[in-house]
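Below is one structure; the comments refer to it alone.
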Protein chains: 2
Amino acid sequence: MNGQFQIATHVLTLLCKQPGELLSSDYVAGSMNVNPVLVRKEMRKLRACGLIESKEGKAGGYSLALPPQKISLADVYKAVKLPPALGQAKNKPNPECPVGRQINAHLDHLADDVEAAIIKKLSTITIFDFVNQFD
Amino acid sequence: MNGQFQIATHVLTLLCKQPGELLSSDYVAGSMNVNPVLVRKEMRKLRACGLIESKEGKAGGYSLALPPQKISLADVYKAVKLPPALGQAKNKPNPECPVGRQINAHLDHLADDVEAAIIKKLSTITIFDFVNQFD
DNA sequence: TTGTACTGTAATAATTTTTATTACAGATAA
DNA sequence: TTATCTGTAATAAAAATTATTACAGTACAA
């Protein structure tokens, strides 16, 4: 299991709900019951992709770098870099076997197709859309 | 990481390439360099879904229960029951927070949509198609 | 009917991944 | 100059995955 996408989406939701405010990792971590360092780690990825901005020092924190209509869940997915949806084998198939010799190439190609399908789906939903579902 | 889908697909590929033969978990495990018990565990799932058959006793092993044109990779995906593609948070968000109170429901709904997109993609590919890519 | 070669399954250990915790340097506002 | 943040590393704890061992049960074959 892996809650990185959920953490990132949770923070973006909070940022979207409180526009203009800088939210600290402690505040956010409190809303989700998770360690603040984990929040800062995800924020680093989001910032590297230009989705959020951060400000250090007293009264610092995080804010959206783009209007929420411009941030898709596909952007979030790509930013957090989850392990592949089909999993990832770490075995080394037997190169003597005609199947073992080739299968990783075919599985990799398949994994790429699946990732593309996920991204296609997620690209239809923005953080704005997601947040609008809330009461 | 998690190689369960890869194991299942590897076995089905071997079964497809050697129709009529019963392949043992040891033989299969040798082709992929993985523990035979792991193979038997995945086979249990595939059998529960009616994709393969197994025969105990001497000269026993596994065989396809359906023609490979009738087995889609979506069937395999559903059989192995991977963890959700978007991950799965195990935190309990703060119920005092308006976002924390609702977000899991919305994240679950999103996860369902993504799983559906994956299955839709995988349902277009059969084991027969997959194996036909091999030289 | 006895030995051999399998599956099925449980229990446990080893490995890997994820999350939590601690610590502290650096930035910035009051 | 003090308090409150981010950024980051190091390490520990927890959880998930894979490997290993063991053995009961099944089926074939000599």
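From a predicted model like this one, the values you see are computed outputs, not experimental measurements. Note: hydrogens, waters and symmetry copies are ignored here, and every other heavy atom, side chains too, is used.
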Could you tell me whether the phosphate oxygens of [N], OP1 or OP2, come under 4.0 Å of any side-chain nitrogen or oxygen in [X]?
{"X": "B/Q88", "N": "D/dA16", "result": "no"}
{"X": "B/R44", "N": "C/dT9", "result": "yes"}
{"X": "A/N35", "N": "C/dT19", "result": "no"}

Nearest whole Å is fine: how far is [N] [atom2] from [X] [atom1]?
{"X": "A/L82", "N": "C/dT18", "atom1": "CG", "atom2": "P", "answer": "9 Å"}
{"X": "B/K45", "N": "C/dT9", "atom1": "NZ", "atom2": "P", "answer": "13 Å"}
{"X": "A/N91", "N": "C/dT16", "atom1": "CG", "atom2": "C1'", "answer": "15 Å"}
{"X": "B/L38", "N": "D/dA16", "atom1": "CG", "atom2": "C1'", "answer": "13 Å"}
{"X": "B/E42", "N": "D/dT17", "atom1": "CD", "atom2": "C1'", "answer": "11 Å"}
{"X": "B/R47", "N": "C/dC6", "atom1": "CZ", "atom2": "P", "answer": "17 Å"}
{"X": "A/K90", "N": "C/dT17", "atom1": "NZ", "atom2": "C1'", "answer": "8 Å"}
{"X": "B/I52", "N": "C/dT7", "atom1": "CD1", "atom2": "P", "answer": "10 Å"}

Going through the distances and angles, do B/L110 and A/L122 end up as a side chain to side chain contact (heavy atoms under 4.5 Å, CB included)?
-> CA-CA 9 Å; B/L110 177 64; A/L122 291 177; 3.9 Å; yes

Is there a donor on the side chain of B/R40 or the base of C/dT9 sitting less than 3.5 Å from an acceptor on the other?
->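 Checked by distance alone, the answer is yes.
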
Filtered N/O pairs between nucleotides 27-30 of chain D and protein, under 3.5 Å:
{"from": "D/dA27", "atom 1": "N3", "to": "B/K58", "atom 2": "N", "distance (Å)": "3.4"}
{"from": "D/dC28", "atom 1": "OP1", "to": "B/K55", "atom 2": "NZ", "distance (Å)": "3.2"}

Which residue, A/V37 or B/V37, contacts DNA chain C at a nucleotide closer to its 5' end, judged by nearest heavy atom?
->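 Looking at the nearest nucleotide for each, B/V37 comes out on the 5' side.
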
Whichever of A/N33 and B/K41 has its nearest DNA chain C nucleotide further upstream toward 5' |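 Looking at the nearest nucleotide for each, B/K41 comes out on the 5' side.
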
Sidechain-backbone polar pair: [X] side chain, [Y] backbone, donor-acceptor under 3.5 Å:
{"X": "A/Q102", "Y": "B/D135", "answer": "yes"}
{"X": "A/D75", "Y": "A/S72", "answer": "yes"}
{"X": "B/Q6", "Y": "A/G87", "answer": "yes"}
{"X": "A/E115", "Y": "A/A85", "answer": "yes"}

Exceeds 12 heavy-atom contacts within 6.0 angstrom, atom NZ of A/K70 =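 Check fails, neighbour count at 12 or below.
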
May I ask you to decide if the ring planes of B/H106 and A/F130 are parallel, tilted or perpendicular, using 30° and 60° as cut-offs?
->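 Plane angle over 60°, so perpendicular.
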
Heavy-atom contacts under 4.0 Å between residues 5-32 of chain B and DNA chain D, which residues?
->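 Per residue number, the list is empty: none.
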
CG of B/L12 to OG1 of B/T126, rounded to nearest 0.5 Å, is 11.0 Å

Hey, can you pull the donor-acceptor pairs under 3.5 Å for the side chains in residues 26-38 of chain A, sequence neighbours left out?
{"from": "A/Y27", "atom 1": "OH", "to": "A/Q18", "atom 2": "NE2", "distance (Å)": "3.4"}
{"from": "A/S31", "atom 1": "OG", "to": "A/H10", "atom 2": "NE2", "distance (Å)": "2.9"}
{"from": "A/N33", "atom 1": "ND2", "to": "B/K92", "atom 2": "O", "distance (Å)": "2.8"}
{"from": "A/N35", "atom 1": "OD1", "to": "A/V37", "atom 2": "N", "distance (Å)": "3.0"}

